[in-house]
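Remarks on the structure that follows.
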2 protein chains.
Amino acid sequence: MQRFINDPDDIVDETVAGFVRAHHNMVRIHDTNPRVVLSHTTPKIGHVGIVTGGGSGHEPAFIGYAGKNMVDAVAVGELFSSPTAKSFYDAIKSVDGGAGVAVLYGNYAGDNMNVKMARKMAKKDGITIETVVANDDVCSAPASEREKRRGVAGEIFMWKIAGAKASTGAPLPDVIAAAQKAIDNCRSIGVGLGPCTLPQVGHPNFEIASGKMEVGIGHHGEPGLRVENLKPANQIAEDMVRTVLEDHTLLKGTEVAVLVSGLGATPINELYVLYNRIEQQIEARGLKVHFQLVGNYFTSLEMVGATLTVMALDDDLKSCLAVETASPAL
Amino acid sequence: MQRFINDPDDIVDETVAGFVRAHHNMVRIHDTNPRVVLSHTTPKIGHVGIVTGGGSGHEPAFIGYAGKNMVDAVAVGELFSSPTAKSFYDAIKSVDGGAGVAVLYGNYAGDNMNVKMARKMAKKDGITIETVVANDDVCSAPASEREKRRGVAGEIFMWKIAGAKASTGAPLPDVIAAAQKAIDNCRSIGVGLGPCTLPQVGHPNFEIASGKMEVGIGHHGEPGLRVENLKPANQIAEDMVRTVLEDHTLLKGTEVAVLVSGLGATPINELYVLYNRIEQQIEARGLKVHFQLVGNYFTSLEMVGATLTVMALDDDLKSCLAVETASPAL
């Protein structure tokens, strides 16, 4: 493993410590739980608190989205593992401003279980909690079983929309409705060209053969729809757009937000090569790109690959997107 | 090669096209030269124009630093190759607001030659040009021959300082003095753990054996000071800080700006692991970290590795750093 690590057991603590040093003007570590990162702007009395959390190794997700008008607290898990129920609970407690807490997270078994437990714990404290479970990955289950789909990079849009809505002082049902609409309007797909290695394991837990690619790969190397021969970037971009939009059925003229994220080891120029064709393809289908992000926004350690997320917009989502955020990643 | 590419000959054009699509609110392509990227804020009558340029494959450098209060125009070269003299010239012409142009670039043979030619061409048009050549890479030549050192990630600080100074309406000599002070105050080092591959070549033009690392590597894989056994991240961080600060001889109490950049394929969490120890080590030497950036700011395609840049600050540099910028990368 050609990696910058010390003891693999310390990676998460060292990542969080370095992250908070680097962004000390925006975030801090929870007083007693080193696996909770808090925005300096939380708690805000009378405002809904926004909590997320997930496994480490996806940086800048999830910690990078703690900040002003974004996420208030992030529960931090081990590499590719759910945060504990206690960390979700401590995150919830920290951001409670008396108007309830929105917990917005991905659809993974550990997260589902631990958020459920944290919710019970917080309920005893009299904190009102509602959740939205992201399920934007079109390749992880058929459209008829959307509730089984994984949450991936669309979570970033969900957090931004919800954070913006909460910043207006909106009540909890409105913040939850905005987050739910955001993720309902998102579809994502990942394409993997190379695997990643958990340092504690020391070898990749899956392989992608040279000259092949995994279409529909998950953020932890979950198998995709199919393994194909590696194609030129433009064909990959076209396939990604087709897969996402065929699941979406949007009317011509619909405005969309687009996120192209590298998975960790893809050169940034290649993300722009992909984006160039992706935008062309989206607009060729009569849609209009209103907002876009291209970069390493939601990664999988040093996986080679990229994801595409498309969120359909309406006026309310557009005005939420326009609210300025100040988090380390966005 | 597990990469998102089409015809390798088209990578740069497609990168620039996708980049300008993604950041159309900040930048545009020059009307007649597709290898020049312009900030929407240029030209500004009566203000000094800021130009840089360099080879592609270092994204977000160089194009990502075109923007408000940063670089006004970027000349774009092929992968790891200098822009042409014509592109530097077109960049200079585009940003001339009558107060002269500062061309701030790295110390590579092709860039030196092409900037010199562009300067002659622009002189005939009556444009006053001054240059600053970055030479912050401590491992590329001894301190006694600083003029031979390569320019690396310290250029980002140089651009930010110069852009901030120009935004105040300062005359050309003041902008040049600020840029020169910024780079004089910068020291950088790179450590490579894995090579990179130019798509047109198809195989790495250098190797780093498993279990080894190249200390002092350049942004194109130029050999470093030495090949060593790969060490734990904390030891690498300590070595980087020692090498940089022994070349710097700063008084205790000096405030510094720190930049830790990945080289393209290093997981972002590992940059924070490095930064955690780097900041500790810098402060243990009696210096104070006033400003920091951690991320993929200046890369080398999919090289595995990281760079450290330390810039010593004074009040003037601090107030320049505080000027807000709006470029795709910063």
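First the proteins, then the strands, lettered A, B, ... as listed; each starts at 1. These numbers come from the heavy atoms of this one structure, side chains and all, not from hydrogens, waters or symmetry mates.
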| field | Greater than 12 external heavy atoms within 6.0 Å of A:K231's NZ | value | yes
As an exercise: rank [options] by heavy-atom pairs under 4.5 Å with chain B and give me the winner.
{"options": "A:Q2, A:E14, A:E59", "result": "A:Q2"}
{"options": "A:M1, A:E302, A:E279", "result": "A:E279"}
{"options": "A:A22, A:G305, A:G262, A:P232", "result": "A:A22"}
{"options": "A:P328, A:G194, A:S210", "result": "A:S210"}

| request: State whether A:K318 and A:E255 are salt-bridged, where the test is any N-O pair (Lys NZ or Arg NE/NH1/NH2 against Asp/Glu carboxylate O) under 4.0 Å. | output: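 Salt bridge flag = yes for A:E255 with A:K318.
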| message | Taking the basic N atoms (NZ, or NE/NH1/NH2) and the acidic carboxylate oxygens, is any pair closer than 4.0 Å for B:E283 and A:R21? | response |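 No, no charged N to carboxylate O under 4.0 Å.
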Does any N or O in the side chain of [X] come within less than 3.5 Å of the main-chain N or O of [Y], such that one atom is a donor and the other an acceptor?
{"X": "A:S300", "Y": "A:M303", "answer": "no"}
{"X": "A:Q281", "Y": "A:V241", "answer": "no"}
{"X": "B:N269", "Y": "A:G57", "answer": "no"}
{"X": "B:S81", "Y": "B:G77", "answer": "no"}

Is chain B contacted by the side chain of [X], its backbone, both, or neither, given a heavy-atom distance below 4.5 Å?
{"X": "A:A61", "result": "neither"}
{"X": "A:V304", "result": "side chain"}
{"X": "A:L230", "result": "side chain"}
{"X": "A:A306", "result": "both"}
{"X": "A:M213", "result": "neither"}
{"X": "A:I63", "result": "neither"}
{"X": "A:I5", "result": "both"}
{"X": "A:R277", "result": "neither"}
{"X": "A:H58", "result": "neither"}

Chain A contact via [X] - which portion, at a heavy-atom distance below 4.5 Å:
{"X": "B:I236", "value": "side chain"}
{"X": "B:A209", "value": "backbone"}
{"X": "B:P199", "value": "neither"}
{"X": "B:L293", "value": "neither"}

| At what distance, to the nearest 0.5 angstrom, does CD of B:E155 lie from CG of B:L259? | 11.5 Å
| message | Could you go through B:H23 and A:Y275, starting from their C-alpha distance and side-chain angles, then the distance that decides it, and tell me whether this counts as ring-ring contact (aromatic ring centres under 6.0 Å, His included)? | response | CA-CA 11 Å; B:H23 306 289; A:Y275 183 72; 8.5 Å; no
| task | Tell me whether the centres of the aromatic rings in A:F298 and A:F62 are closer together than 6.0 Å. | result | yes
| said: Is it true that B:E324 and B:N69 share a donor-acceptor pair across their side chains at a distance under 3.5 Å? | reply: no
